Every structure is written in C-alpha cells, then in structure tokens.
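Worksheet for the structure shown next.
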Amino acid sequence: MALERNPLIAGRLEKLSALRENGVDPFPPRTPPRLPVEQVRAMGSGHGSEVSTSGRVRARREHGKTVFADLSDPTGRIQLYFNSREVSPELWRLLGHVDLGDMIWVTGTLFTTRMGELTLAVSGMTILVKAVRPMPVVKVDSSGEVHDAVSDPDLLYRHRCVDLLLNPVSRKRFEDRSRIISAVRAYLDGLGFIEVETPILQQLYGGASAEPFTTKYNFLDRECYLRIATELYLKRLLAGGFHRVYEIGKDFRNEGVDRTHSPEFTQLELYEAWSDYRGMMARFEELVVVSAEAAGKGGEVVYQGRTLRMEPPFPRIPFVDALHEKSGEKLFDFEPDRLARFAAGLGIPVESAARPALLDKLFDHFVVPGLVQPCFVTDYPAELSPLAKRNSSDPRLTERFEAFMAGIELANAFSEQNDPLLQRSILEAQAVEDGVRQGEVDEEFLYALELGMPPAGGLGLGVDRLVMILTDAGSIRDVILFPHLRREK
RNA sequence: GAGCCGCUAGCUCAGGCGGUAGAGCAUCUGACUUUUAAUCAGAGGGUCCGGGGUUCGAGUCCCCGGCGGCUCACCA
C-alpha cells in the first residue's frame, strides 16, 4: 500500500517536508553525546547539572504553555518537560513537528514534579528520526492495567518490531532466549566441547525421519535438500577424533505447523565420546538447570499455569512399561494386526499400519499427555530407533531416551550405534521401505563407522521448545522472531 | 490437508429479525503554566478482507476465494 494513502502517514510526511524546508535534517547522521535513560534516572534530581539523552517519544500531554512527554530507550523511560517561557522559540516550534514515535535527542536539567515524578526540563532538542508510520498507542494506567493492547497475532508476528516495541513480555522473552543459548554454549565450551558447523545444503538427507525441503543446485544440475538433522555429520567428526562436539543451528522439516512444530527450528546436537545415554541424561539435566538460571528461573518454572519442578535427577520411565501401564494392555507384545485393530478402536488413524508407527502413536495417545513433570522415557523399541545401540539385556529395545516436560518432547538421545555392519543393514532395510530416498544410504556416514567411531552418547535438544518452557510461551511462534507466515496479499 | 471460529477507522472493539456505519484511543483545530490512561470543546477519517449470488435494499443471508487463530491429521 502506498504510504500516502493513509492520512496519518500523509500528515507525518507533511511535517517531514516542513522540517526539511526549515533546514532541519529529519534523519541526521550522528547522535550528540548522550547517556542511557537508565543512567539519567540514576542521577536523580536537584544537582542542577545538565544531562543529555535520546530515545523514542512514546506519549505527549499538552497544557497550553507547557508540554509533558515520555521518552523511552531500551533501558527505561523518563518524563520530559517543555515550558514555552523557558525554551527558545525555535525549540518550541520544532516541538510542534514532533510526533509520537519520533526519536529525539534532548538536553536539560532534572527536577521532581508536584506529582513526584523525576523529570527532565528540556532546554535543547534535536530530531534524530522522523517516524513516518504511526505505531499503535498502548496506554497503561496508574494501576498498571494495559488499555488497547494490540491483540492481532497476524500484525504482531508479521511486524515483530511492533510487538517488541509494544510488548515487554515479548521483548524479555527474546532477551531470555539469547541468554539461554549463551549459557548453553558456555556450559559446553567449559567442558571442552568444540562448536562446529556442518552443511545445511545437502545432497542426501538423514539423521531423522521427516520430509525435507527440496531445492536445486543449478551448477551441478542436482536436487539438494535442506538438512533435517545434523546427526550423521557430527558422528563423522567423532570418528575423526573430535570427541566432544556440538552444533546449534537450524533444521528444516517440510511438515505441518502447530504449537510445538515450526518448519524451521533451532536444534542443539551434541556428541560425547566414551559416554552413553546415561551420560546424556546428566548432560540434559545440567543443561536445563543452566538454562533456567539464564532465564532467571529457579528450581520451579510455571508453564501455562502448571508448576514444573526442574530439580534433577528427573525420573526414568521405561517406554514399554509406561505404555503397558497407561493402556492397560501388553501392547508391545501384540502382533501388528492386533495392534492396528486396537489403535483403530481408539480412533487412531492406521493408514500406515507399520508396527513402529503404531507403537509411537499409541505412546503419544496414552502416555505423553501425562508427562508434565520433567522426566526421561527410556529404552525405546529398536524399530523406532535405527541409529541407537541395542539394549544388551533385551535386543528388542535400545539405549535411548526422550526427555519430556509439560507434555512436550524436549530432547532425544541415545548410546550411538557404532557397529558399521549392523548399522548398514538397518539403514539399507529402512531405505527399501522408504521410497523417497530410493534405496540410497549415506555411504560417507558408514565409511566413518567402518573407520571406527568411539562409543559415544549423543543428544538432540529442541532449543525453541526449551525457550518456550522457560519463558512460558504458549506457541513456538512466540519464541521465533520471524515465524513462517503466508505472504500478505 | 480437514473441521470450527474470526476479519468493521491507524489500534482496541460495538453494530437486535436485512433498512443512510458507531465509540474510546490515535490524528487535526481550539482552550489550558507541574500533567501522567491529563482534561475540556469541536472536526476529519471506512473497498465493513476480496469476488459472486439472493433481495426493492446486504457489514448482516447464501456460495467461492484470501489471511489469521484454535483443534485434528502429518511430523520414527
């Protein structure tokens, strides 16, 4: 939409050209020396010395010969006071061209008003930025109640800058996200892990079962994929002698979107030689504690009204035991046909009547909703875990766990399968079932196993979901700055 | 991909059974020298998401489409 069609914008554009005609640059290249608002406030009133700051004009209250305005920067908010008897006629005229949302630099002295508010009596001002587009005005009354809060999620997701400016909760959430990721890095770096970057653009995808995004590399005239996981590359590094490695980066899955799924999401994967899935439980517990601290949370986190106790050790719940207990049936021992009939009886779609998929769906149905407090579900069926080591006591199961909280899967980890012959047969069998990959297996990955990959534990952790829980976000879109949306018409 | 709900001024929202489109904030004009959701008086501002249909007449009813939200499906 053309800017001028909005009368509010047209009015601002007129003020902007009026400023230019008077020789005022509405977008000057430099800001005069200034202190952050927070520091100005800390000085307090009564010392009489001149201070300067800058920020965005967020409110304006006119009283004839005086004007009050609120100025804010990322560190805080301060009230400005303009008195037409005390400022120059030029400044008073300039003030008439300042709109809500404009950024200004001001200088003056601090005093306290009758109402007891610390205020800067302005004696000098320059315009730093003329805001051409008005932003919604949100008011907060003396009891702290917010009026006219912008509630249109489309507007807030599409124009995240508006959301960040208007919603302190959202702003804090993204600051916490940054702190959490920094804390995760600091924790792993402190243990001697090295952070690496592996390919996002791949000619063969793997490491998870998900539909990839497909693209084309023109130079090679070849189809390429965006990665769905980093697993197979990081394990090559294990074989290559990087015994503690991790990567934090985006994975892409061409699947549906919901409260906990985004097509583009941030995953931490870490691999640690000479460890196993039990070692990964300890890593997970420590990562959660460190992250909660980074988000300013203690041992208890309230998520969507439920209190989660973040105090390790988290209980271990064997997959099969939980499934049998919650369903009241020995489902793991059912023949595939009987399992399919049982699932169909519950209204669970059984199009892909494969036993592994059914077990997983039944687990999601019976067990996952009840996994509110942090816990580990352990010993997943081997059929669901092609890259995990078999359980020595029961080869139908694997040394694997998934971590859950608030019914959300946060992490997946196992003792990594490093038998190259067994791994090859599993992957080849799977490739036959999976038509999309047309029988291809990742030979480079198998090459690394053949060379010898140390026994190791590996952990994949959904960073967005961890941030959701620690910042009480109801949707993954609330913790992704620019979530995927359809194009605006 | 399916079902349900929503879309009205820049923002938040009203619009009974189909009969000339409303409020608060924001904007503009005027008043006001310590206000703070400032106040008071006045004014302007609309492709009622888009298209089609029914009707003398549609923001309102019907159909198709767009975008969003929720739920489901998909996601080892």
Side-chain angles (χ1 to χ4, degrees), chain A residues 1 5-12 14-15 58-70 77-86 99-101 111-117 119 121 133-158 162 166 207-212 228-229 251-263 265 319 347-349 351-352 354-361 363-364 380-388 398 400 402 409 412 414 426 430 433-434 474-475 477 483 485-489:
Chain A
M1 163 183 4
R5 280 185 54 185
N6 179 331
L8 296 178
I9 291 178
R12 284 165 182 254
E14 276 169 32
K15 285 183 189 171
R58 296 299 296 270
R60 188 178 163 118
R61 296 173 289 279
E62 298 197 22
H63 295 263
K65 303 285 186 292
T66 65
V67 173
F68 290 89
D70 290 343
R77 182 181 288 240
I78 191 165
Q79 178 167 261
L80 307 180
Y81 174 72
F82 299 81
N83 187 320
S84 67
R85 297 269 180 87
E86 294 165 17
D99 290 311
L100 294 186
F111 73 104
T112 302
T113 64
R114 252 182 236 158
M115 303 300 288
E117 176 151 354
T119 299
R133 183 184 292 277
M135 64 174 163
V137 175
V138 177
K139 299 198 172 186
V140 182
D141 65 24
S142 49
S143 66
E145 196 174 335
V146 178
H147 300 262
D148 295 335
V150 175
S151 58
D152 178 2
D154 189 42
L155 191 161
L156 297 176
Y157 289 140
R158 236 176 253 288
V162 173
L166 259 30
S209 170
E211 192 67 21
I228 57 173
D251 287 346
F252 304 85
R253 297 186 183 176
N254 209 337
E255 312 276 0
V257 176
D258 65 25
R259 206 172 57 250
T260 57
H261 292 84
S262 167
F265 65 102
F319 181 97
I348 295 173
E351 297 146 12
S352 58
R355 195 180 115 94
L358 287 174
L359 284 173
D360 205 42
K361 281 182 182 172
F363 188 82
D364 284 347
Y380 275 66
E383 309 143 275
L384 288 170
S385 318
L387 298 167
T398 54
R400 174 184 174 191
E402 289 194 355
E409 178 199 334
N412 180 23
F414 24 91
I426 291 169
Q430 191 187 47
E433 292 167 18
D434 188 347
S475 163
R477 265 177 292 212
L485 297 173
R486 282 176 225 265
R487 283 181 62 182
E488 200 170 20
K489 267 207 326 184

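Chain A is the first sequence line, chain B the second, and so forth, proteins listed ahead of strands; every chain is numbered from 1. Everything numeric in this text was worked out from a predicted model, so none of it was measured.
For the C1' atom pair drawn from C4(B) and G45(B), the interatomic distance equals 35 Å after rounding to whole Å. For the P atoms, the distance from G46(B) to G19(B) is 23 Å, rounded to whole Å. Nucleotides C61(B) and U54(B) are separated by 8 Å at their C1' atoms, to the nearest Å. For the C1' atom pair drawn from G10(B) and A41(B), the interatomic distance equals 24 Å after rounding to whole Å. Going from the C1' atom of U60(B) to that of G22(B) covers 15 Å, rounded to whole Å. With both ends at atom C1', the span from U8(B) to G1(B) equals 31 Å, rounded to whole Å. Distance check on atom P: G68(B) versus A31(B) gives 48 Å, rounded to whole Å. Straight-line distance between the P atoms of G50(B) and U55(B): roughly 23 Å, to the nearest whole Å.
Base orientation for G16(B): syn, the chi torsion being within 90° of 0. C17(B) takes the syn form, because its glycosidic angle lies no more than 90° either side of 0.
U12(B) is paired with A23(B) under the Watson-Crick or G-U wobble criterion, all donor-acceptor distances under 3.5 Å. Under the Watson-Crick or G-U wobble criterion, with both distances below 3.5 Å, U60(B) has no partner in any strand shown. When both pairing distances are held under 3.5 Å, A38(B) makes no Watson-Crick or G-U pair with any nucleotide shown. In this structure, C72(B) forms a base pair with G1(B), meeting either the Watson-Crick or the G-U wobble geometry with both donor-acceptor distances under 3.5 Å. Under the Watson-Crick and G-U wobble criteria, each requiring two contacts below 3.5 Å, nucleotide C17(B) is left unpaired. A 3.5 Å limit on both hydrogen-bonding distances identifies G6(B) as the Watson-Crick or G-U partner of C67(B). Of the nucleotides present, none pairs with G46(B) by Watson-Crick or G-U wobble criteria with both distances under 3.5 Å.
Ring planes of Y380(A) and F319(A): tilted class, angle from 30 to 60°.
Nucleic acid contact class of S385(A) (heavy atoms, under 4.0 Å, all strands): none. At a threshold of 4.0 angstrom between heavy atoms, the contacts of Y81(A) include nucleobase atoms, whether or not backbone atoms are also involved. Counting non-hydrogen atoms under 4.0 angstrom, A59(A) reaches nothing in the nucleic acid. Using a 4.0 Å heavy-atom distance criterion, G11(A) is classed as making no nucleic acid contact. Across all strands, P381(A) comes closer than 4.0 Å to no nucleic acid atom at all (heavy-atom distances). Note on R477(A): only backbone sugar-phosphate atoms sit closer than 4.0 angstrom, heavy atoms only; bases stay farther off. Note on D70(A): nothing from the nucleic acid sits closer than 4.0 angstrom, heavy atoms only. Using a 4.0 Å heavy-atom cutoff across all strands shown, N83(A) reaches at least one base atom of the nucleic acid.
Evaluation of atom-type donor-acceptor distances gives a pair under 3.5 Å for the side chain of Q79(A) against the base of U35(B). Not a single donor-acceptor contact under 3.5 angstrom links the side-chain atoms of T66(A) to the base of U34(B).
A73(B) atom P lies 8 Å from atom NZ of K361(A), rounded to whole Å. If you measure from atom CD1 of I9(A) to atom C1' of G10(B), you get 8 Å, rounded to the nearest angstrom. In this entry the distance linking CZ of F82(A) with C1' of U34(B) reads 15 Å, nearest Å. Whole-Å rounding puts the D148(A) CG to G24(B) C1' distance at 7 Å. In this structure, CZ of R12(A) is placed 9 Å from C1' of U27(B), rounded to the nearest angstrom. Rounded to a whole Å, the CZ atom of F265(A) is 10 Å from the C1' atom of C75(B). In this structure, NE2 of H147(A) is placed 13 Å from C1' of A38(B), rounded to the nearest angstrom. When the P atom of U12(B) is taken as reference, atom CG of L155(A) falls 7 Å away, rounded to whole Å.
Each of T119(A) and H261(A) lies near RNA chain B, and the nucleotide nearest T119(A) is the one positioned closer to the 5' end. Mapping R114(A) and R60(A) onto RNA chain B via the closest heavy atom, the residue that lands nearer the 5' end is R114(A).
Distances were taken from every side-chain heavy atom of S151(A) (C-beta onward) to each of A76(B), C13(B), G69(B); the shortest belongs to C13(B). Across A38(B), C75(B), A26(B), the shortest atom-to-atom separation from the side chain of V137(A) is found for A26(B). When distances are taken from the side chain of F111(A) to each of A76(B), C25(B), U34(B), the shortest belongs to U34(B). In this structure, of U35(B), G45(B), G69(B), it is U35(B) that holds the atom nearest to the side chain of E117(A).
Side-chain nitrogen and oxygen atoms of K139(A) include at least one within less than 4.0 Å of the OP1 or OP2 phosphate oxygen of A26(B). Contact check, R58(A) against U36(B): no side-chain N or O comes under 4.0 Å of OP1 or OP2. Between K15(A) and C28(B), a side-chain N or O to OP1/OP2 separation shorter than 4.0 Å is present. When the side-chain nitrogen and oxygen atoms of R61(A) are compared with OP1 and OP2 of U39(B), none of them lie within a distance under 4.0 Å. Residue R158(A) has a polar side-chain atom (N or O) positioned under 4.0 Å from OP1 or OP2 of G68(B). When the side-chain nitrogen and oxygen atoms of R486(A) are compared with OP1 and OP2 of G66(B), none of them lie within a distance under 4.0 Å. Taking only side-chain nitrogens and oxygens, T398(A) never comes nearer than 4.0 Å to OP1 or OP2 of A76(B).
A pairwise comparison of heavy atoms in P134(A) and L8(A) identifies CG-CB, 4.0 Å as the closest pair.
The CD1 atom of I426(A) sits 11.5 Å away from atom CD of E383(A), with the distance rounded to the nearest 0.5 Å. Put simply, CZ on F111(A) and CD on Q79(A) are 7.0 Å apart, with the number rounded to the nearest 0.5 Å. Expressed to the nearest 0.5 Å, how far CZ of R60(A) lies from CG of D99(A) amounts to 7.5 Å. In this structure, the separation between CG on D364(A) and CG on L359(A) is 11.0 Å, given to the nearest 0.5 Å.
In this structure the side chain of R400(A) never reaches within 4.5 angstrom of the side chain of L387(A), judged on heavy atoms.
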